[in-house]
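A short worksheet on the structure shown next.
Naming convention: chains lettered A, B, ... in sequence-line order (proteins, then strands); numbering from 1 in each chain. The basis for the numbers below is simple: all heavy atoms, side chains too, and nothing from hydrogens, waters or symmetry mates.
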2 protein chains.
Amino acid sequence: MFDPMCPSSVLPFRIGDKWTGMVVRCLEQGPRRFGELRGPLRGVTSKVLSETLRAMERDGLIRRIAYPENPPRVEYDLTPLGRSLLPLLDAARAWSREHLPELLRARQAYDAD
Amino acid sequence: MFDPMCPSSVLPFRIGDKWTGMVVRCLEQGPRRFGELRGPLRGVTSKVLSETLRAMERDGLIRRIAYPENPPRVEYDLTPLGRSLLPLLDAARAWSREHLPELLRARQAYDAD
DNA sequence: CAGGATCCCATCTGATACTG
DNA sequence: CAGTATCAGATGGGATCCTG
């Protein structure tokens with residue numbers, strides 16, 4: 001999941017910052033902990049992930065729930081507003097399936113000159 | 001059109017680089033010249049615009065047609081691939097209309113603390 | 001475990017000046 | 001007119017180390 005070589009890096013559109021769209025996908029099925037997000041989001045550092053999550057919380061896309069335990073446990077969950085992005089992500093995914101190969105071909109042809 | 005204060009700057013998604021989506025919109029109704037793009041895209045410098053256009057041409061989103069005249073005249077036109085992005089832009093616009101106020105409210109509430 | 005602090009570099013973007 | 005060249009600032013993203 002979210003292999004760094006995945007074609008999403010060449011998509012001509014993006015949801016939020018680099019990792020925002022992937023976070024939405026990761027939370028699609030339910031709440032996840034900080035550490036559970038670091039797995040699928042291969043290569044993200046804790047700094048960048050926490051920044052991403054804070055920005056998303058600020059925009060009301062996710063909710064942060066900290067349990068007063070020790071060791072600490074924190075869960076992130078999509079808000080309805082965050083869920084409203086899912087159709088857009090789906091549309092982007094559909095576009096890719098249908099048109100990304102053509103974009104890549106065009107790029108190759110252009111670079112061939 | 002494309003006022004720098006326009007809310008698109010806070011959208012949680014983006015098409016390509018900063019100006020790509022706007023270029024697609026500008027070309028929606030037909031081919032436009034380099035100088036005709038600089039008007040609506042307020043604040044873009046010729047350097048950035050030419051870079052954007054070259055990247056889009058590379059990806060097969062637009063076609064560049066240079067007329068061998070003097071003074072030079074160049075037109076840019078959306079390819080079918082470029083046009084295929086329009087539904088995505090529409091979806092983004094629809095999302096904004098429906099959800100952007102909520103996002104901004106969440107942001108304000110967050111910043112109030 | 002869930003992060004904060006620091007440092008650093010690449011990229012993006014813009015300002016300004018210049019050219020065929 | 002349609003760019004290119006050069007420079008500079010801002011931003012994003014990552015590496016590394018540290019802590020309640």
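End-to-end axis angle of the helix from C/dC1-D/dG20 to C/dG20-D/dC1, using five pairs per end and rounding to 10°, comes to 50°.
What you find for A/Glu36 and A/Pro31 is that their closest heavy atoms are OE1-O, 4.5 Å. Here the shortest heavy-atom pairing between A/Ser84 and B/His99 reads CB-NE2, 3.6 Å.
A/Met22 has its CE atom 10 Å from the P atom of D/dG13, to the nearest Å. In this structure, the CG atom of B/Leu49 is 14 Å from the P atom of D/dC1, given to the nearest Å. Whole-Å rounding puts the B/Glu51 CD to C/dG14 P distance at 10 Å. As rounded to whole Å, 12 Å separates atom C1' of C/dA5 from atom CZ of A/Arg54. One can place CZ of A/Arg33 at 8 Å from P of C/dC1, the figure rounded to the nearest angstrom. Going from atom CZ of B/Arg14 over to atom C1' of C/dT13 covers 10 Å, rounded to whole Å. The distance between atom CG of B/Leu53 and atom C1' of D/dT4, rounded to the nearest whole Å, is 14 Å. In this structure, A/Asn70 places its CG atom 12 Å from P of C/dC1, rounding to the nearest Å.
Checked against B/Trp19 for a side chain to side chain contact (heavy atoms under 4.5 Å, CB included), the options B/Val24, B/Leu49, B/Leu41, B/Leu53 give a single hit: B/Leu41.
Scanning for salt bridge (charged side-chain N to carboxylate O under 4.0 Å, His left out) contacts around B/Glu69 gives B/Arg73, with sequence neighbours left out.
With DNA chain D read from its 5' end, the first of the two nearest nucleotides for A/Thr52 and B/Glu36 is the one closest to B/Glu36.
No contact: A/Arg38 has no heavy atom under 4.0 Å from any strand. Here A/Val48 lies in heavy-atom contact (under 4.0 Å) with a base. Within the 4.0 angstrom heavy-atom criterion, no nucleotide atom of any strand lies near A/Tyr67. Within the nucleic acid shown, A/Arg32 has no heavy atom closer than 4.0 Å to any nucleic acid atom.
Put simply, A/Met56 and A/Leu86 are part of the same group of oily side chains (I, L, V, M, F, W, Y) that touch within less than 4.5 Å, one to the next. Follow the hydrophobic side-chain contacts under 4.5 Å out from A/Leu85 and you never reach B/Tyr110; the two are in separate clusters. B/Leu61 and A/Leu104 fall within a single hydrophobic cluster, where Ile, Leu, Val, Met, Phe, Trp and Tyr side chains are chained together by heavy-atom contacts under 4.5 Å.
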Summary of protein contacts for nucleotides 15-20 of chain D, nucleotide by nucleotide, where a base hit scores B, a sugar-phosphate-only hit scores S (4.0 Å, heavy atoms): B----B
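Contact annotation: B/Arg42 does not reach the phosphate of C/dG14 (side-chain N/O to OP1 or OP2, under 4.0 Å).
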